[in-house]
Amino acid sequence: MTNNRYKILVIEDEENLAAVLSTLLEGAGYQPIRAGTCALALTLYASHRPDLALLDLGLPDADGMRFLREVRRENRTPVIVLSARSNERDKVEALDAGANDYVTKPFSSAELLARIRSALRTFGPQEGRKPGAKFVLGDLSIDYEARRVCIRSQDVRLTQTEYNIVAFLSEHCGKMMTYSAIAKGVWGYFDEGCVKRLQVNMANIRRKFGVRLGENRYIANELGVGYRMNGERDE
Ligand code: CA
């Protein structure tokens with residue numbers, strides 16, 4: 001029963017509010033995971049790989065921004081900031097650091113659920129990445145829930161970033177994705193450094209996939225444009 005529900009990490013130190021949020025999320029069909037401190041949030045984030053995080057900025061052990069920055073170094077999981085701070089500067093700072101949305105307390109249940117649905121739709125797992133879904137392309141397979149890539153049933157050991165790139169391309173399989181679309185999908189933003197980072201990561205991915213230079217197996221490259229995962233989605 002818990003396997004095909006979106007996991008939402010609720011980072012909130014006020015017990016009452018955390019309990020209300022958990023009940024609300026469960027009622028809406030999500031699986032809430034609660035963390036009352038920034039440290040616990042980072043631990044649970046790493047072990048549970050939630051589909052979305054609700055983040056209170058005022059936490060007892062650290063500013064919630066620390067969680068956001070840590071997560072954004074590697075990952076594009078949607079983060080909605082819940083905060084009593086309503087001034088413009090805090091909002092801009094959170095959005096600049098990669099928050100996907102910002103909700104000021106107090107908020108209504110209906111509004112919060114609408115924002116969660118919208119964030120999951122826009123930034124969350126794509127159709128093919130519904131929990132439990134698998135991607136297969138010839139002898140390559142991706143288990144999205146376990147975040148595992150296999151070739152001929154052998155595990156390919158990818159870094160988080162490499163995995164995120166491969167997973168992103170597989171979601172848009174058959175389509176040429178530009179450098180900026182991939183960077184935004186993987187890191188949440190695009191700047192000049194991203195193309196180089198992408199190329200370095202892609203060289204490592206190809207090496208780990210056992211693909212020789214100039215060979216377009218699994219992933220094709222169009223120089224100066226972007227990358228495309230071969231094949232068509234056939235689900
Ligand atoms: Ca708080």
Side-chain angles (χ1 to χ4, degrees), residues 1-125 129-131 145 147 160-161 164 184-189 191:
M1 181 190 168
T2 56
N3 287 339
N4 53 5
R5 294 192 293 161
Y6 287 121
K7 286 185 244 177
I8 300 189
L9 183 57
V10 178
I11 309 162
E12 171 61 68
D13 60 315
E14 284 166 54
E15 283 287 331
N16 289 343
L17 181 54
V20 167
L21 286 170
S22 292
T23 308
L24 176 70
L25 293 172
E26 271 177 1
Y30 300 112
Q31 182 189 344
I33 301 159
R34 275 164 67 170
T37 62
C38 185
L40 181 59
L42 287 168
T43 304
L44 291 178
Y45 180 83
S47 56
H48 285 75
R49 290 284 157 192
D51 299 294
L52 181 142
L54 296 178
L55 174 66
D56 174 31
L57 291 182
L59 296 169
D61 59 332
D63 192 299
M65 291 295 291
R66 212 192 107 207
F67 172 86
L68 182 57
R69 294 207 175 90
E70 284 292 318
V71 165
R72 276 296 170 269
R73 281 164 53 177
E74 281 285 339
N75 204 284
R76 66 192 185 102
T77 305
V79 175
I80 299 179
V81 168
L82 302 179
S83 181
R85 306 176 194 170
S86 61
N87 72 61
E88 201 70 9
R89 218 188 60 209
D90 285 328
K91 267 188 208 180
V92 171
E93 192 193 355
L95 294 169
D96 273 350
N100 300 90
D101 203 350
Y102 194 107
V103 180
T104 306
K105 293 175 187 170
F107 43 80
S108 77
S109 309
E111 180 191 2
L112 182 64
L113 290 176
R115 303 275 194 115
I116 289 172
R117 281 196 301 275
S118 163
L120 282 171
R121 202 164 48 231
T122 315
F123 308 105
R129 277 182 72 183
K130 286 232 173 76
E145 184 137 62
R147 296 175 64 81
Q160 292 295 338
T161 299
N164 289 337
K184 282 180 190 152
V186 172
W187 293 298
Y189 66 93
D191 65 19

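Numbering of ligands and ligand atoms starts at 1, following listing order.
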salt_bridge(E111, R115) N-O dist < 4.0 Å: yes
Salt bridge R5-E26, side-chain N to carboxylate O under 4.0 Å: no
Contact flag [X]/the Ca ion (ligand 1), N/O/S atoms, threshold under 3.0 Å:
| X | result |
| --- | --- |
| E14 | no |
| E12 | no |
| G58 | yes |

Ring geometry between Y45 and F67 (parallel below 30°, tilted from 30 to 60°, perpendicular above 60°): perpendicular
Nearest heavy-atom neighbours spanning L59 and G64: CD1-CA, 3.9 Å
Metal-centred angle, OD2 of D56 through the Ca ion (ligand 1) to OD1 of D13, rounded to 10 degrees: 80°
